S.K.: 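Okay, handing you the structure first.
Keep in mind the model is a prediction, meaning the values are calculated, not measured. Keep in mind that the numbers below use all heavy atoms, side chains included, and drop hydrogens, waters and symmetry copies. All ligand and atom numbering here is 1-based and tracks the order in the structure. Numbers for residues simply follow the sequence, beginning at 1.
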Amino acid sequence: MAAPRHGAFHPLTVAAVDRLTDDSVALTLRVPAELREEYRHAPGQHLTLRRTAPEGGTEVRRTYSICSPAPAPDGPGPAELRVGVRLVEGGEFSTFAHKEIAAGDVLDVMVPAGRFVLEPAAAPASGHYAAIVGGSGITPVLSIAASLLAARPDARFCLVRSDRTAASTMFLEEVADLKDRYPARFQLVTVLSREEQESGLPSGRLDEERLAALLPALLPVAEVTGWFLCGPYGLVQGAERALSGLGVVRTRVHEEIFHVEEVTAPARTAASAAASHGRVTARLDGRSGTWPVQDGESLLDAVLRNRADAPYACKGGVCGTCRAFLVSGEVRMDRNFALESEETEAGFVLACQSHPLTEEVEIDFDR
Ligand code: FES
């Protein structure tokens, strides 16, 4: 069978739309038998949904994490995929998802992507994992925890989640179900920022200080094999600092940021001065081409003018869908909230944020 195409879209039928809270829904998408291998996903990956607005015809793409468990590596690919969609104020796609999408509709869906993953088969049999999530950051972690606990009978998972109120908390039932199914191996701590709760934990934000005090009381921090941080930028950064203060090595920490406050968030890679132009050679699905990069244009936009199938979703340095390997030449990235430092050190860049600093730049989307 041919390898799944990088960034390929296929039409998938919506099997169900379930309301989770006042401002969030879960979409279940049916995967036809002939596409199941293409949609085989690792726990923690996301799907990009694409919509062309009826008037004006502008294309909108949004990434949503898969919350359903991953299929076993030796079994068939998934027959269904479920994603969580939280309504964003003024958000074009999320408003469309909440108001218009219904069972039976057909959506344009990219094959799974993303590196915020935990492969159960690669995890130690009795590994201890933990996640700190805020709001819709629960979505990929639900898939990670469910997949790990099902595949590794001795593994343990501690989930620390924060939300505003119980009524605004996504996937309450699914998380409660994990607790019922794995009472000895799944630990859940919920912190509500705007509501008192029965657990005895006081309300308030889950910040660095609070996590630094809470985590050692919950689990043996030094024995945790992997930490998964997911949610708004402020929460992820606070959790990262708390873990660093507790002596956790950076290589054990995996992050995915869902929202970036435009003004306050410094990117992981600082922007430098004015963009230059040059030529980009890009390899995508085994085919290469060389094209000019116009002044101020990103490598992604230069490639997209010639290869409409180049992978992207947010174009904002957050989702990581446009990740490519820099084969030769130099680039500067405007912002990077998606790649870990190990990835940038290994030579990966975000094409949507990269501008050439040398006349010739070569990137490879296939690596
Ligand atoms: S398209 Fe999202 S990071 Fe480049």
S.K.: Test: side chain to side chain donor-acceptor pair (under 3.5 Å). Region: residues 87-108. Which pairs qualify, not counting sequence neighbours?
M.R.: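 Pairs touching residues 87-108 that pass the test: Arg50-Asp108.
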S.K.: Hey, is Glu59 close enough to Arg61 for a salt bridge, meaning N to O under 4.0 Å?
M.R.: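 A salt bridge is present here (some side-chain N lies under 4.0 Å from a carboxylate O).
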S.K.: For the CG atom of Leu300 and the NE2 atom of His355, what is their distance to the nearest 0.5 Å?
M.R.: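 The CG atom of Leu300 sits 10.5 Å away from the NE2 atom of His355.
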S.K.: Under 4.0 Å between a Lys/Arg side-chain N and an Asp/Glu carboxylate O for Glu174 and Arg82?
M.R.: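 A salt bridge is present here (some side-chain N lies under 4.0 Å from a carboxylate O).
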S.K.: Atom 4 (Fe) of ligand 1: which protein N, O or S atoms are under 2.8 Å away?
M.R.: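 Short answer, with waters excluded from the count: Cys322 SG, Cys352 SG.
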S.K.: Is it the case that Thr139 and Ser136 place a side-chain donor and acceptor less than 3.5 Å from each other?
M.R.: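 The answer is no; no qualifying pair exists.
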S.K.: With under 30° as parallel and over 60° as perpendicular, where do the rings of Tyr39 and His10 fit, or are they tilted in between?
M.R.: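 Rings of Tyr39 and His10: perpendicular, as their planes differ by over 60°.
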